[in-house]
There are 2 protein chains.
Amino acid sequence: MKIAILRERLGGETRVAATPDSVTKLVGLGAEVSVEKGAGEASRIPDALYAAAGAKVEAGAAATLKGANVVLAVRRPEAKSLGGIAKGALVLAVMDPFGNEADLAALAKTGISAFGMEFMPRITRAQVMDVLSSQANLAGYQSVIDAAAAFDRALPMMMTAAGTVRAAKVFVMGAGVAGLQAIATARRLGAAVSATDVRAAAGEQVESLGAKFIMTEALKDASGTGGYARELTKKEQAAQAELVAGHIAKQDIVITTALIPGRPAPKLVTKAMVESMAPGSVIVDLAAERGGNVEVTKPGAVSVHKDVTVIGTLNMAGKIAATASQLYAKNLLAFLETMIDKEKKALAVNWEDELVAATLLTRDGAIVHPALAAVPKPA
Amino acid sequence: MKIAILRERLGGETRVAATPDSVTKLVGLGAEVSVEKGAGEASRIPDALYAAAGAKVEAGAAATLKGANVVLAVRRPEAKSLGGIAKGALVLAVMDPFGNEADLAALAKTGISAFGMEFMPRITRAQVMDVLSSQANLAGYQSVIDAAAAFDRALPMMMTAAGTVRAAKVFVMGAGVAGLQAIATARRLGAAVSATDVRAAAGEQVESLGAKFIMTEALKDASGTGGYARELTKKEQAAQAELVAGHIAKQDIVITTALIPGRPAPKLVTKAMVESMAPGSVIVDLAAERGGNVEVTKPGAVSVHKDVTVIGTLNMAGKIAATASQLYAKNLLAFLETMIDKEKKALAVNWEDELVAATLLTRDGAIVHPALAAVPKPA
């Protein structure tokens, strides 16, 4: 059983799919582990630490992959980069299939079993494998750090000899994993925090963190599946927009985190709302990868719209890569462990397992995931 | 009584010496206030707010200064920029005279009374006028925000489904106003904080903020005057360096704040110590303006030395200009008020007052401050 960890190739990806800790565990499970030279560099893991943990550090992708039965990655690898791996090898990554159907079809064609980690069900048993949660948590933390760094006032109230500086007002839109961590971090820094969410259950969580929950009367609850919200009706959207418009004009920092799986991000903050904010205000749009929650967000850039700074960083968790990789590697290890026979020290995938069924996207040359049924199968 | 506030001209200065609040108060004291167009822009104060507070917004420096009896500034203005002000006008600013003797002599020659706000005595009555404290406090806050933004791990301990992320270790060198605020902010963010100071009294303050106090046995106390430390003897320096060397290698973030008035900053962190830190560590050198406490600091730049990021920002308080200006303006207002007769609504300087005596650098064409005795007087 050979497990390969490649250096990530997608521009700007700083994370890595294994750490010395996870390598140690994999070796303990009987695996031969190969790591591509420099794979951990941007996550502050020198090659020497992988070697010390029992991995073989290989000079290039080809040597790393040769004969591999498992590939661990952060981003979906390109089909053409997987030459030389074992027949039917397992590839675990965030596969991001929607809108990338051709790439997924090409992956299927190589015969690998591709597992999309982002499809992991949100059930108790799989919590330790939930890459969306582990990374969203860090993105929420970093969004506040970046907002504070861009903001030209202090966040906490300060009582000084020269008078009192008021606490900054931070508004978090969407109280999922990222939003809750953003609330907690902004509270740590002493900001006056409010938050909104279309799921009624979020209110209690928001308030337990010491923030004020803002929700329109017109919207009782819009909980969807898997902890996400459903899409709002036109009428609900209008009520929400009105509430937000009134609130946002008084905020110093706004952090938006609203995502609906497989759909473009809902536009929550209009250009007019941005322009209603005071000069020097800061917006962080954590939905930038899906087009953004804010009308003026420039995905992948920090821009200034009429004296309001809009941060559209694409890979926010990647900005704290050392921590993000630690958790991501742990998520992958936990899942992979369920597919290893610890007695025989060999792969033993139970294709009937609900975690496998939920995350398996391709197998034996075909796309097999129900959510991707519309995707044309390779000939 | 005309009071003028200029747009700061020194490259990169974002602060301003008056706010709408302080303008309102000055107008209430009977002053005519003129503000140069754009003076508050970088502190997020539009001209319209000054106008609404009762100031006249003037298009250029000449119109702003014409006939002014008082000039409020952040940085020492150039003598040639003060044409047109009233004879013997008062100029309040951070004068930074050491090393700038020729500029100060030129200022003296114009006949103004130049007050160096940084010479304000650290006595109870003058706390509200203490610009060094108000700005150092904000620099300490911002140093942690900038360190967290540059650091590629999270600061707080995080207990997640995928395992525990350890808290970052932050070490603050120098527990004066800036250092104490840095400790408090790093603690807010959940870091494990330690601090050192050569003044024994600092230990209790450090510990009251929940940080660990680190001090060598060889050094009992090196308190100097005005809350600063005295320079250490060679022997004391060696003992301190040994202590620091052992401690620093285990830190993630180091913030240095050691300043000795009128002297270059002591070198506390050697190149070897920087190189002993783990890849990805971050150092913020708040003494960069005086050459830095860290051997590899590049004043005015963020540099990377062997995988350690070294932040040598020069005007750290200026990075949160909106808050910094609010406090600075309050400091200046409080001092200026002591020189105004509130009945007659006119300037009435008591030249015998200890605050005036301590801060007055030039008067009637001569340099008059005892600390600047060595400076050649203008002919």
Side-chain angles (χ1 to χ4, degrees), chain A residues 14 21 41-46 124 126-131 133-134 137-138 141-142 144-146 148-156 158 160-163 165-166 168 177 181 184-185 187-190 278-281 307 318-331 333-334, chain B residues 14 21 41-46 124 126-131 133-134 137-138 141-142 144-146 148-156 158 160-163 165-166 168 177 181 184-185 187-190 278-281 307 318-331 333-334:
Chain A
T14 46
D21 267 2
E41 207 169 278
S43 290
R44 308 294 185 180
I45 306 171
T124 306
Q127 268 191 342
V128 61
M129 311 164 197
D130 184 351
V131 298
S133 289
S134 78
N137 179 38
L138 298 178
Y141 164 80
Q142 189 66 23
V144 174
I145 298 296
D146 282 9
F151 189 49
D152 46 24
R153 296 177 195 270
L155 264 66
M158 290 184 175
T160 77
V165 175
R166 72 166 173 82
V177 176
Q181 182 59 257
T185 306
R187 287 278 304 155
R188 275 179 181 281
L189 276 171
S281 301
D307 285 333
K319 288 196 76 174
I320 33 173
T323 302
S325 296
Q326 179 196 332
L327 297 182
Y328 184 86
K330 199 84 171 272
N331 295 142
L333 172 68
Chain B
T14 46
D21 267 1
E41 208 170 277
S43 290
R44 308 294 184 180
I45 306 171
T124 306
Q127 267 189 342
V128 60
M129 312 166 196
D130 184 350
V131 298
S133 289
S134 78
N137 179 39
L138 298 177
Y141 164 80
Q142 188 66 24
V144 173
I145 298 296
D146 282 10
F151 189 49
D152 47 24
R153 297 176 196 269
L155 263 66
M158 289 183 176
T160 78
V165 177
R166 71 164 175 83
V177 176
Q181 182 59 260
T185 305
R187 287 278 303 154
R188 273 178 182 282
L189 276 171
S281 301
D307 285 332
K319 289 196 77 176
I320 32 172
T323 302
S325 295
Q326 180 196 333
L327 297 183
Y328 185 85
K330 200 83 170 273
N331 295 143
L333 171 68

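To find a chain, count down the sequence lines: A is the first, B the second, and so on, and within it residues start at 1.
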Using non-hydrogen atoms only, which part of [X] is less than 4.5 Å away from chain B: side chain, backbone, both, or neither?
| X | value |
| --- | --- |
| A/Gln326 | side chain |
| A/Asp307 | both |
| A/Tyr328 | neither |
| A/Leu138 | side chain |

State the [atom1]-[atom2] distance between [X] and [Y], to the nearest 0.5 angstrom.
| X | Y | atom1 | atom2 | answer |
| --- | --- | --- | --- | --- |
| A/Asp21 | A/Leu333 | CG | CG | 9.5 Å |
| A/Leu189 | B/Leu189 | CG | CG | 4.0 Å |
| A/Asp130 | B/Thr160 | CG | OG1 | 10.0 Å |
| B/Ile145 | B/Ile320 | CD1 | CD1 | 8.5 Å |

Specify which of [options] makes the most heavy-atom pairs with chain B at under 4.5 Å.
| options | answer |
| --- | --- |
| A/Asp152, A/Thr323, A/Val165 | A/Asp152 |
| A/Gly190, A/Ala154, A/Ala149 | A/Ala154 |
| A/Pro156, A/Ala148, A/Ser134 | A/Pro156 |

Taking [options] one by one, which has the highest count of heavy-atom pairs under 4.5 Å against chain A?
| options | value |
| --- | --- |
| B/Leu155, B/Thr14, B/Thr185 | B/Leu155 |
| B/Arg166, B/Arg153, B/Lys330 | B/Arg153 |
| B/Lys319, B/Met158, B/Gln142, B/Gln127 | B/Met158 |

Heavy-atom pair with the smallest gap, counting every atom of [X] and [Y]:
| X | Y | result |
| --- | --- | --- |
| A/Ser133 | A/Val177 | O-CG1, 3.4 Å |
| B/Ser43 | B/Ser325 | OG-OG, 2.7 Å |
| A/Phe151 | A/Ala168 | CE2-CB, 3.8 Å |

